[in-house]
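Side-chain atoms are counted along with the backbone in the values below, which use heavy atoms only and exclude waters and symmetry mates. Counting starts at 1 for both ligands and their atoms, in listed order. Just so it is clear, the model here is predicted, and its values are computed rather than measured.
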Amino acid sequence: MNIAIDGPAGAGKSTIAKKLAKELGYVYVDTGAMYRAMALYFLEQGIDSTNEEAISAASDTVDISIRYQDGEQQVILNDENVNDKIRREEVGNMASATSIYPKVRTKLVALQQKLAASTDVIMDGRDIGTCVLPNAEVKIYLTASSATRAKRRYDELMAKGEACDLAAIQQDIEDRDYRDMHRETSPLKQAEDAVLVDSSEMNIDEVVAAIQKICQEKI
Ligand code: DC
């Protein structure tokens with residue numbers, strides 16, 4: 001059994017998928033973390049995001065794997081656990097910019113498909129229902145308005161005591177949406193058989209309940 005959750009940045013995919021995985025006893029696979037780990041490697045190597053040749057060559061040699069520690073996914077980049085490092089805004093933007101390249105995607109899609117073949121997973125990302133797990137039993141397209149997503153991110157950063165600007169966050173989110181939706185290889189889009197959930201006016205528990213209902217109906 002596999003559940004695919006796709007959607008734009010900041011729609012709440014990982015929060016919701018983690019909760020659902022716990023309730024259903026599935027393994028949660030965060031595919032964005034894999035693109036981020038690769039992006040971190042490119043940043044550390046000083047490779048420019050527009051240099052496809054260098055990025056393709058580097059993605060051939062880099063080693064990315066996944067481990068689980070107390071039920072939490074850990075991303076290992078060349079033997080180093082990079083879970084904390086990959087959460088930076090700079091790494092997210094680099095991941096969005098470098099996930100356009102076929103070499104990067106082919107390598108990570110293979111890793112994702114291998115994980116899903118061995119156990120029941122809830123996997124979130126941008127191309128899970130359309131490309132990675134086209135036969136997933138349940139497909140969800142989780143979205144929210146860019147204003148809502150920006151406000152959630154703003155509140156998160158403020159709660160951490162980090163200075164930020166709401167308009168700049170919204171612009172960043174809209175730029176990322178554009179890149180993720182308009183790239184040539186596996187762009188972000190709703191799979192034909194995915195159910196749309198718009199969380200703009202919903203809290204976390206309401207979204208979890210809505211998706212659980214969809215799962216019950218489908219399974
Ligand atoms: O979900 P996230 O913000 O951690 O993802 C970071 C970037 O990685 C996202 O902007 C696009 C890319 N990505 C992708 O292309 N395909 C996926 N399945 C997951 C993420």
Side-chain angles (χ1 to χ4, degrees), residues 2-18 20-21 27-43 49-50 52 55-56 59 62 64 66 72-75 77 82-116 121-134 136 139-144 146 148-150 152-154 156-157 169-191 194 199:
N2 291 319
I3 300 174
I5 304 186
D6 289 300
K13 298 186 298 294
S14 62
T15 309
I16 304 298
K18 261 187 212 164
L20 274 171
V27 171
Y28 167 53
V29 183
D30 170 1
T31 63
M34 301 175 192
Y35 287 93
R36 284 170 180 263
M38 243 202 209
L40 175 66
Y41 181 68
F42 302 143
L43 285 170
S49 64
T50 58
E52 179 170 4
I55 292 212
S56 300
S59 58
V62 68
I64 293 186
I66 296 295
E72 288 271 330
Q73 173 182 298
Q74 312 290 320
V75 186
L77 167 66
V82 291
N83 253 35
D84 293 334
K85 285 188 182 172
I86 58 174
R87 288 297 140 206
R88 299 197 319 257
E89 222 58 42
E90 180 200 13
V91 179
N93 284 329
M94 185 68 169
S96 176
T98 55
S99 59
I100 63 171
Y101 300 120
K103 273 268 189 184
V104 171
R105 304 204 69 82
T106 308
K107 179 155 181 157
L108 295 182
V109 167
L111 173 61
Q112 292 153 17
Q113 289 175 332
K114 203 168 142 208
L115 284 166
V121 297
I122 295 189
M123 190 177 280
D124 78 3
R126 304 292 189 286
D127 60 339
I128 311 307
T130 52
C131 168
V132 181
L133 305 175
K139 295 182 188 178
I140 307 289
Y141 190 84
L142 181 63
T143 189
S146 61
T148 303
R149 289 182 281 135
R152 287 178 188 158
R153 182 80 187 123
Y154 174 83
E156 244 172 55
L157 291 170
I169 294 174
Q170 184 163 345
Q171 189 59 55
D172 202 52
I173 281 185
E174 286 171 3
D175 290 347
R176 184 112 78 94
D177 285 357
Y178 187 87
R179 271 200 307 273
D180 292 350
M181 289 173 181
H182 292 88
R183 66 177 178 228
E184 239 170 76
T185 319
S186 330
L188 167 65
K189 65 169 185 221
Q190 184 179 344
S199 73

| message | Does ligand 1 come near enough to Tyr35 that some N or O of the ligand is less than 3.5 Å from an N or O of the residue? | response | no
| said: Which option wins on minimum heavy-atom distance to atom 9 (C) of ligand 1: Arg179, Arg126, Met123, Met34? | reply: Arg126
| So which protein heavy atom does atom 6 (C) of ligand 1 come closest to, and at what separation? | Arg176 NH1, 3.7 Å
| request: Could you tell me whether some N/O pair between Asp124 and ligand 1 is separated by less than 3.5 angstrom? | output: no
| field | Side-chain H-bond candidate by donor/acceptor type, Ser96 with Arg176, under 3.5 Å | value | no
| request: Report, in ascending order of atom number, the atoms of ligand 1 lying under 4.0 Å from any heavy atom of Ala95. | output: 6 (C), 7 (C), 8 (O)
| query | Can you tell which of Leu115, Val104, Val109, Leu77 makes a side-chain contact (heavy atoms from CB on, under 4.5 Å) with Met34? | reply | Leu115
| Short side-chain donor-acceptor distance under 3.5 Å, Ser14 and Asp124 | no
| message | Regarding Glu89 and Asn93, do their side chains bring together a donor and an acceptor under 3.5 Å, going by distance alone? | response | no
| query | Polar-atom distance check: Arg105 versus ligand 1, any N or O pair below 3.5 Å? | reply | yes
| request: Tell me which protein heavy atom sits closest to atom 4 (O) of ligand 1, plus the residue, atom name and distance to 0.1 Å. | output: Arg36 NE, 2.6 Å
| Which of the ligand 1 atoms, numbered from 1, are nearer than 4.0 Å to a heavy atom of Ser99 | 11 (C), 12 (C), 15 (O)
